[in-house]
Amino acid sequence: MNTQAGNITRRMPRILISGGGTGGHIYPAIAIAQELRKEYPDCAIKFVGATGRMEMEKVPQNGFEIEGVWISGLHRKNIWKNALLPFKLLSSLTKVRSIIRKFQPDVVVGVGGYVSGPLLFMAGIQGVPTLIQEQNSYPGITNKRLGRRAKRICVAYPGLEKFFDRDKLVLTGNPVRDFSHIDTISKAEAASAFHLKENVPTLLVTGGSLGARTINESIQASLENLLEHNIQIIWQTGSYYYESIRKDIADKYANTLVIRPFIDRMDLAYRLADVVVSRAGAISISELALAGKPVILVPSPNVSEDHQNKNAAVLADQRAAIVIHDAEAREKLSEAILMLISDLSTKDILSSNIRKFASPAAAKRIVSEITQISNLG
C-alpha cells in the first residue's frame, strides 16, 4: 500500500478465474466475475480456459479476457483417447505457472472444468490463495484433492463436511445468470422472441449446453404425440445434435416447434415455459430454482461420482421435481410431460418447492469470501 499526499492508494485487485467445458461451469464463473466488477470496478480479471472449448467464445462475449490452455478431461469409455493426456497435463501445468507469474493474482477461483485442476494446483504451490466453488451435492475427486490446499470452499448443498475441512466450508449456493427480472417480462414478449403463441401450453426441453442424447431421442420419438395435445415446444438440442435433428424434422412443425442448438436468452425461454425437461446438473437446477419452474429431471448417468442422480434425489425428496431415470426416459418421459403440463396443482407444488433451493445472492456471498481470503477489502 502506498501513500501519496496523505491519500492511500490501493493496488488494483487481480483475480484469475477458471471455469469451462460446459455452460454449467462457464456461467457461474461469469456471474462471479460480474459481481467482482461491481464490487471492485478497477479490478483486473482474467479467465483461464481449455483451448477449443465453449468458454473461449462465451467469456469474451461477456466482456472478459481469457487465455487458453491445452487440456482435456479423462475419457472413460475410450481409453485410447487418453494417450495424449500426460502431455496435455504437463503442458497445462507449464502454461498456468507462466500465467500466474505474469498476472500476479491476489486470488485464484476455480469453478470447475478441465483447467481448474492444473490452475488451482499450481496456484497453491506458488502460495496464491485459492477458492473452490463446488456446485454439486457430491464433489468429484479433483475438488476433493484441491480442497486440501484451498483457503475457502463455497458450496451449494449442506452436508459436505465429510469431504472437506469444516472450517473452510461456506454455504453460498450456486452463482448463476440473473433471472430476477423474469416476472417483469410479459409472456407476449417471450412468445414473440420464439415466434410462438402466448397462450398455448409450452414445454422447454434442454439437455444443457452440449445436449443430451437420451432426452433428444425421447422427445424426437414422441414429438408427434406431444404436439397433438396442443403443446408448443422450445427445444435446445445442443450443438452436437442440432443438425441431425433439424434435418430430420425440417419445417414440418414450424408453428409449434422451435429448435435451437443453444439458447442465449434463457430468461425468455423460462418465462414462456409451463414445464421444463432438463438434465440434473447443479447449475441447471439452480437456474430452475430461481425461475421457479416445474421440472422433469432426467439425470445423466455418464458423469463423475454419479452427481446428477444425487442432485436429483435431493429435489425429489422435497417434492421439488419429478425424476425419471435415464434408462426409463424413452418409455416414460412423454407420459410424464403430458401428465404434468395439464396438472395445475402439481405444477404449483413443484414450482413452490423448487424456489426454496434458489440462492439469488450466491455470487455476492462468494465475492465476500474472495475478499476475506485475499485481503482485497
Side-chain angles (χ1 to χ4, degrees), residues 23-24 27-28 31-32 35 111-112 133-139 153-164 166 169-185 202-206 208 266-267 269-300 303 305-325 336-337 339-341 343-369:
Y27 289 112
I32 293 170
E35 191 61 38
V111 188
Q133 197 269 313
E134 172 55 60
Q135 300 168 353
N136 294 294
S137 59
Y138 194 97
I153 303 161
C154 296
V155 298
Y157 294 89
L160 271 70
E161 295 86 356
K162 52 190 164 187
F163 306 112
F164 300 114
R166 182 188 298 269
L169 285 175
V170 182
L171 185 62
T172 60
N174 281 323
V176 296
R177 289 173 283 187
D178 183 10
F179 293 122
S180 60
H181 64 290
I182 283 181
D183 290 340
T184 68
I185 301 171
T202 304
L203 171 69
L204 170 62
V205 179
T206 172
M266 191 60 83
D267 55 340
Y270 282 143
R271 180 65 182 97
L272 190 59
D274 295 287
V275 167
V276 180
V277 171
S278 174
R279 283 302 200 191
I283 299 305
S284 294
I285 288 173
S286 295
E287 289 190 351
L288 288 161
L290 276 178
K293 288 296 169 178
V295 61
I296 300 170
L297 295 174
V298 184
S300 172
V303 293
E305 312 295 340
D306 196 31
H307 66 250
Q308 287 207 10
N309 275 305
K310 290 170 177 142
N311 293 343
V314 172
L315 268 69
D317 288 345
Q318 299 299 317
R319 207 182 174 191
I322 293 171
V323 178
I324 295 179
H325 293 294
I337 291 168
M339 178 280 294
L340 182 57
I341 210 158
D343 187 339
L344 182 60
S345 174
T346 300
K347 282 191 291 187
D348 285 345
I349 290 169
L350 294 176
S351 181
S352 174
N353 288 341
I354 200 170
R355 285 184 189 274
K356 297 173 186 176
F357 289 84
S359 300
K364 186 178 287 292
R365 292 183 189 130
I366 291 169
V367 167
S368 174
E369 298 303 321

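When reading the values below, keep in mind they use all heavy atoms of this one structure, side chains included, and skip hydrogens, waters and symmetry mates.
Atom-to-atom distance recorded for His307:NE2 and Tyr157:OH is 9.5 Å, nearest 0.5 angstrom. To the nearest 0.5 Å, atom CD of residue Glu161 and atom CD1 of residue Ile153 are 11.0 Å apart. In this structure, Met339 CE and Ile296 CD1 are separated by 6.5 Å, a value rounded to the nearest 0.5 Å.
Residues Leu315 and Ile354 form a side-chain contact, since some pair of their non-hydrogen atoms from C-beta on lies under 4.5 Å apart. Two residues are said to be in side-chain contact when any heavy atoms from C-beta on lie closer than 4.5 Å; Asp267 and Arg271 fail this criterion. Between Asn353 and Arg319 there is a side-chain heavy-atom pair separated by less than 4.5 Å. In this structure, the side chains of Ser345 and Ile349 come closer than 4.5 Å at one or more pairs of heavy atoms. At a threshold of 4.5 Å between non-hydrogen side-chain atoms, the residues Met266 and Arg177 count as touching. Side-chain atoms of Thr206 and Ser284, non-hydrogen and from C-beta on, never get closer than 4.5 Å to each other.
Annotation for Leu160 and Asn136: closest pair CD2-O, 3.9 Å, computed over non-hydrogen atoms. Between Pro175 and Ile283 the shortest heavy-atom distance is O-CD1, 4.2 Å. When all heavy atoms are compared, the tightest approach of Leu340 to Pro294 is CD2-CB, 4.5 Å. The minimum heavy-atom distance between Asn311 and Ile285, with the atom names listed, is CB-CD1, 3.7 Å. Nearest approach of Ser300 to Gln308, heavy atoms of both residues: N-OE1, 2.8 Å. Across every non-hydrogen atom of Arg279 and Leu297, the tightest pair is O-CD2, 3.4 Å.
Judged by distance alone, the side chain of Arg355 and the main-chain N or O of Ala289 form no donor-acceptor pair under 3.5 Å. A side-chain donor-acceptor contact under 3.5 Å links Lys293 to the backbone of Tyr270. A donor-acceptor contact shorter than 3.5 Å links the side chain of Ser286 to the backbone of Ala282. Between the side chain of Gln133 and the backbone N or O of Asn174, no donor-acceptor pair lies under 3.5 Å.
Ring-centre distance between Tyr138 and Phe163: below the 6.0 Å cut-off.
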Taking only distance into account, with no hydrogens and no angle test, what donor-acceptor pairs under 3.5 Å do side-chain atoms of residues 359-366 form with protein atoms, sequence neighbours excluded?
| unit_1 | atom_1 | unit_2 | atom_2 | d |
| --- | --- | --- | --- | --- |
| Lys364 | NZ | Glu35 | OE2 | 3.3 |
| Arg365 | NH1 | Thr172 | O | 2.9 |

